[in-house]
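Encoded as structure tokens, the structure appears first; notes follow it.
Because the structure is predicted, anything quoted here is derived from the model rather than measured.
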Amino acid sequence: MFRIWAKEFKDNRMLKDTVICDDRDETRTHKVFDAIEKICFEFDLSKPYWLDKNIEDFKRDAKVKFRQDNFVDEIDFDYLEVMIIEED
């Protein structure tokens, strides 16, 4: 099972969260991008842009924070944190 936990934060408080589960036979990259698409749909967000720093952080920690510079639209929170919590 592959699970990703996404959380929206504002002023160091979690506003909302969700867990996306994926047990398909896909690559890790496909699962991550599909999960982020589902997260954005559920949270009513535009898809974030991956900057070089985001890619480095995700490769190193399996966790990434998307801030205002990652979104085209204005966001009403400080950042969106996405992390892998289970991976087979």
Side-chain angles (χ1 to χ4, degrees):
M1 178 65 68
F2 184 84
R3 295 186 316 150
I4 288 187
W5 187 16
K7 304 173 272 188
E8 272 186 17
F9 284 92
K10 183 170 181 116
D11 299 326
N12 290 325
R13 292 185 174 191
M14 186 170 51
L15 302 176
K16 54 182 150 179
D17 71 326
T18 188
V19 174
I20 304 296
C21 301
D22 191 340
D23 59 355
R24 297 175 301 148
D25 188 26
E26 285 287 338
T27 64
R28 180 181 194 243
T29 304
H30 282 122
K31 289 179 181 183
V32 169
F33 285 127
D34 289 346
I36 289 178
E37 192 169 318
K38 290 175 185 175
I39 291 162
C40 290
F41 180 78
E42 186 172 327
F43 289 174
D44 193 27
L45 299 171
S46 61
K47 286 200 286 189
Y49 286 102
W50 286 80
L51 304 174
D52 290 339
K53 171 130 178 56
N54 302 119
I55 295 168
E56 291 171 18
D57 290 345
F58 196 75
K59 284 181 181 178
R60 184 182 58 243
D61 303 325
K63 179 169 72 171
V64 64
K65 289 182 181 178
F66 295 112
R67 300 179 189 281
Q68 178 61 63
D69 17 336
N70 298 101
F71 293 93
V72 173
D73 300 329
E74 200 62 35
I75 58 173
D76 59 351
F77 53 89
D78 294 332
Y79 61 90
L80 171 69
E81 183 179 273
V82 177
M83 66 186 296
I84 296 175
I85 56 175
E86 184 180 347
E87 188 173 15
D88 284 351

Query raised in the report: When rounded to the nearest 0.5 angstrom, what distance separates CD1 in Ile39 from CH2 in Trp5?
Result: 12.0 Å
Query raised in the report: Under the salt bridge (Lys or Arg N to Asp or Glu O under 4.0 Å) rule, what pairs show up with a residue in residues 64-81, not counting sequence neighbours?
Result: Lys7-Glu81
Query raised in the report: When you look at NZ of Lys16, are more than 12 heavy atoms from neighbouring residues, nucleotides or ligands closer to it than 6.0 Å?
Result: yes
Query raised in the report: What pair of heavy atoms forms the shortest contact from Asn54 to Tyr49, and how long is it?
Result: OD1-O, 3.9 Å
Query raised in the report: Considering only heavy atoms from C-beta outward, does the side chain of Glu8 approach that of Phe43 to under 4.5 Å?
Result: yes
Requested in this report: Apply side chain to side chain donor-acceptor pair (under 3.5 Å) to Glu42 and list each qualifying residue two or more places apart in sequence or on a separate chain.
Outcome: Thr18
Query raised in the report: Can you name the residues that form a side chain to side chain donor-acceptor pair (under 3.5 Å) with Arg28, not counting sequence neighbours?
Result: Glu87
Query - Which residues share a side chain to side chain donor-acceptor pair (under 3.5 Å) with Glu86, sequence neighbours left out - result: Arg3
**Report entry** Nearest non-hydrogen partners of Val72 and Ser46, listed with the distance
**Finding:** N-OG, 4.3 Å
**Report entry** Derivation and outcome, side-chain contact (heavy atoms from CB on, under 4.5 Å), residues Phe2 and Asp23
**Finding:** CA-CA 6 Å; Phe2 184 84; Asp23 59 355; over 6 Å; no
Query raised in the report: In terms of hydrophobic clustering (I, L, V, M, F, W, Y; side-chain heavy atoms under 4.5 Å; direct or indirect links), are Tyr79 and Val64 co-clustered?
Result: no
Query raised in the report: How far apart are the C-alpha atoms of Ile85 and Ile4, what are their side-chain angles, what is the distance that settles it, and do they pass the side-chain contact (heavy atoms from CB on, under 4.5 Å) test?
Result: CA-CA 6 Å; Ile85 56 175; Ile4 288 187; over 6 Å; no
Requested in this report: Could you tell me which non-hydrogen atom of Asn70 sits nearest to which non-hydrogen atom of Phe66, and how far apart they are?
Outcome: OD1-CA, 3.4 Å
Query raised in the report: Any side-chain heavy atom of Val32 sitting closer than 4.5 Å to one from Ile36?
Result: yes
Query raised in the report: Is it true that atom CH2 of Trp50 has more than 12 heavy atoms of other residues, nucleotides or ligands lying nearer than 6.0 Å?
Result: yes
Requested in this report: Quick one: do Lys38 and Asp22 satisfy salt bridge (charged side-chain N to carboxylate O under 4.0 Å, His left out)? Show the steps, please.
Outcome: CA-CA 11 Å; Lys38 290 175 185 175; Asp22 191 340; 5.2 Å; no
Requested in this report: Identify whether Leu51 and Ile55 are in the same connected component of the hydrophobic contact network (ILVMFWY, side-chain heavy atoms under 4.5 Å).
Outcome: no
Query raised in the report: Tell me, which pairs form a salt bridge (Lys or Arg N to Asp or Glu O under 4.0 Å) where one or both residues lie in residues 45-54, sequence neighbours left out?
Result: Glu37-Lys47, Lys53-Asp57
Query raised in the report: Val82, Leu45: one ILVMFWY side-chain cluster at the under-4.5 Å cut-off?
Result: yes
Requested in this report: For the pair Phe71 and Phe77, name the ring-plane relationship: parallel under 30°, tilted 30 to 60°, perpendicular over 60°.
Outcome: perpendicular
Requested in this report: Applying salt bridge (charged side-chain N to carboxylate O under 4.0 Å, His left out), name anything that partners Arg13, two or more places apart in sequence or on another chain.
Outcome: none
**Report entry** Transitive ILVMFWY side-chain link Ile20 to Phe58, under 4.5 Å
**Finding:** yes
